[in-house]
There are 2 protein chains.
Amino acid sequence: MGDVLPVIHYIERYVDLSDEEKNHLASFLKITKVKKRQFIVQPGFVCSHKSYVVKGAFRGYLVDKEGREHTLSFAIEDWWISDYSSLIYQEPATLFVEALEDSVLIQITYEDEQKFLADIPKLEKFERIITQRSLAFQQKRLLSNFTKTAEERYDEFMSKYAAIAKRVPQYALASYLGFSTEYLSKIRNGKTSKS
Amino acid sequence: MGDVLPVIHYIERYVDLSDEEKNHLASFLKITKVKKRQFIVQPGFVCSHKSYVVKGAFRGYLVDKEGREHTLSFAIEDWWISDYSSLIYQEPATLFVEALEDSVLIQITYEDEQKFLADIPKLEKFERIITQRSLAFQQKRLLSNFTKTAEERYDEFMSKYAAIAKRVPQYALASYLGFSTEYLSKIRNGKTSKS
DNA sequence: AAATAAAAATGAACTGGTTTAGGAAATAAG
DNA sequence: CTTATTTCCTAAACCAGTTCATTTTTATTT
């Protein structure tokens, strides 16, 4: 059980668990190791797990019909990642989720999560709260895309998530912020009209 | 109690409720009538309610520092609306939520919702599920903004939400889709480069 | 350490969508 | 039914960010 403790601790930030509940929960959790450039989710396949990052970095992205990549999310230590739509509706994924470094995950399958939500109802509260926070985050991101220029979005990201920016390739960051990698290059080297 | 039944029925799509639970729940719900152009949420004030639309139409939007409006959501009959961030964190709102028509709402306060979530734990499941769906929806919208042109987003919206498009002013629709009202005018009248 | 592949930089030409400024239609109000 | 207000349309100039094509730098593999 020792190796799945990070997830138990994560959940305990939101709800209290008895020792019995913790053990029950731990029995559903599995450690997985993945190598850099390995995919844990791929378009066409139903996303079967939710993954907590113990060590490493990931990126979830879509490839559009013109072949362009658009990054929906990053995850480093202590974050969760999956193709959320595919997971909750149990339908084929549209995203790739790829390891950007050799990584270690703690995973739980969709079916097991449904089981323990039924067995331990207070975990519903945990799920509700973290989903609400993700939603609030996504709304801010959407508004930021509407209201801010490319450069402002870049500055905002750097000030909030410098730790992530350092670890991900530049083309991945550009595609997260919603502009081309060439333009990110210009921003970084001050070749844009103003400033 | 009759007048708050729509919300009870809405919740029953997701979880079963005993008569006692329904009555308990109903005691927290209040009917509110608002006139066209009236605000139910305003920046600077904490959003105290979650609102279910019985009749009418609403729009939630942000005004940026240049004075431009950006619509985050619409709501017509059988939808919910609020400033979600403000509600869950109980911090000052950043959005306006405005009635686009004379409308009727069923509202519940943040405190009362916390109470009944504690009293009736299975409502946590209801909250969890609808929040998950909102999140999946928002992710699709974000990706749609990244991957599609203004015209494609317009066509997509029209085919999915023609009912809403008919009821909201054009500037509100443009600001939801993320482009200027002049450009929407061009799209509608086929004055854009292709097509 | 050499060879190869992947990522980042650069610059010129271009384009999807904005801005500005106006006029025409439609809604709402007296 | 008349006036005021809000909403919608048009058109030309403009710009933030893209595209394309090539080079340099940095990782990865042998």
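Here is the naming used below: chain letters follow the sequence lines, and residue numbers restart at 1 for every chain.
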Subject >> Between C1' of C:dT18 and CG of B:Leu177, the distance in whole Å >> reply: 16 Å

Original post:
Roughly how far apart are B:Arg167 CZ and B:Leu100 CG, rounded to 0.5 Å?
Top reply: 9.0 Å

Subject >> Atom-to-atom span, CD1 of B:Ile187 to P of D:dC9 - whole angstrom >> reply: 12 Å

Original post:
Applying the side-chain hydrogen bond (donor to acceptor under 3.5 Å, both in side chains) test to B:Glu124, which of A:Arg128, A:Lys125, A:Lys122 qualifies?
Top reply: A:Arg128

Original post:
Any N or O donor-acceptor pair linking the side chain of A:Lys36 to the base of D:dT28 at under 3.5 Å?
Top reply: no

Original post:
Could you give the OH-to-C1' distance, from A:Tyr154 to C:dA8, as a whole number of Å?
Top reply: 13 Å

Original post:
Rounded to whole angstrom units, what separation is found between the CD atom of B:Glu98 and the C1' atom of D:dT6?
Top reply: 12 Å

**OP:** Answer yes if the side chains of B:Tyr176 and B:Arg59 hold a donor-acceptor pair under 3.5 Å, and no otherwise.
**Re:** no

Subject >> Distance below 4.0 Å between A:Tyr171 side-chain N/O and C:dA7 OP1 or OP2 >> reply: yes

Original post:
Quick one: is C:dA9 close enough that its OP1 or OP2 comes under 4.0 Å of any side-chain N or O from A:Gln170?
Top reply: yes

Original post:
Do the side-chain N and O atoms of A:Ser85 and B:Gln139 include a donor-acceptor pair separated by under 3.5 angstrom?
Top reply: no

Original post:
Hey, is the side chain of A:Arg37 poking within less than 4.0 Å of OP1 or OP2 on C:dA6, counting only N and O atoms?
Top reply: no

**OP:** Check every atom of C:dT10, D:dG17, D:dC9 against the side chain of A:Arg153 and return the nucleotide holding the closest atom.
**Re:** D:dG17

**OP:** Please figure out whether A:Lys148 or A:Glu182 has its closest DNA chain D nucleotide nearer the 5' end.
**Re:** A:Lys148

Original post:
Tell me: CZ of B:Arg167 to P of C:dT27, nearest whole Å?
Top reply: 15 Å

**OP:** Measure from CG on A:Leu184 to P on D:dA16 and round the result to the nearest Å.
**Re:** 17 Å

**OP:** Whole angstrom is fine here: how far is it from CZ in A:Phe179 over to P in C:dA9?
**Re:** 13 Å

Original post:
Rounded to whole angstroms, how far apart are OH on B:Tyr183 and C1' on D:dC15?
Top reply: 15 Å

Original post:
Any side-chain heavy atom of B:Ser134 sitting closer than 4.5 Å to one from A:Leu135?
Top reply: yes

Original post:
In terms of side-chain heavy atoms of A:Lys186, which of C:dA8, D:dG17, D:dT18 is nearest?
Top reply: D:dT18

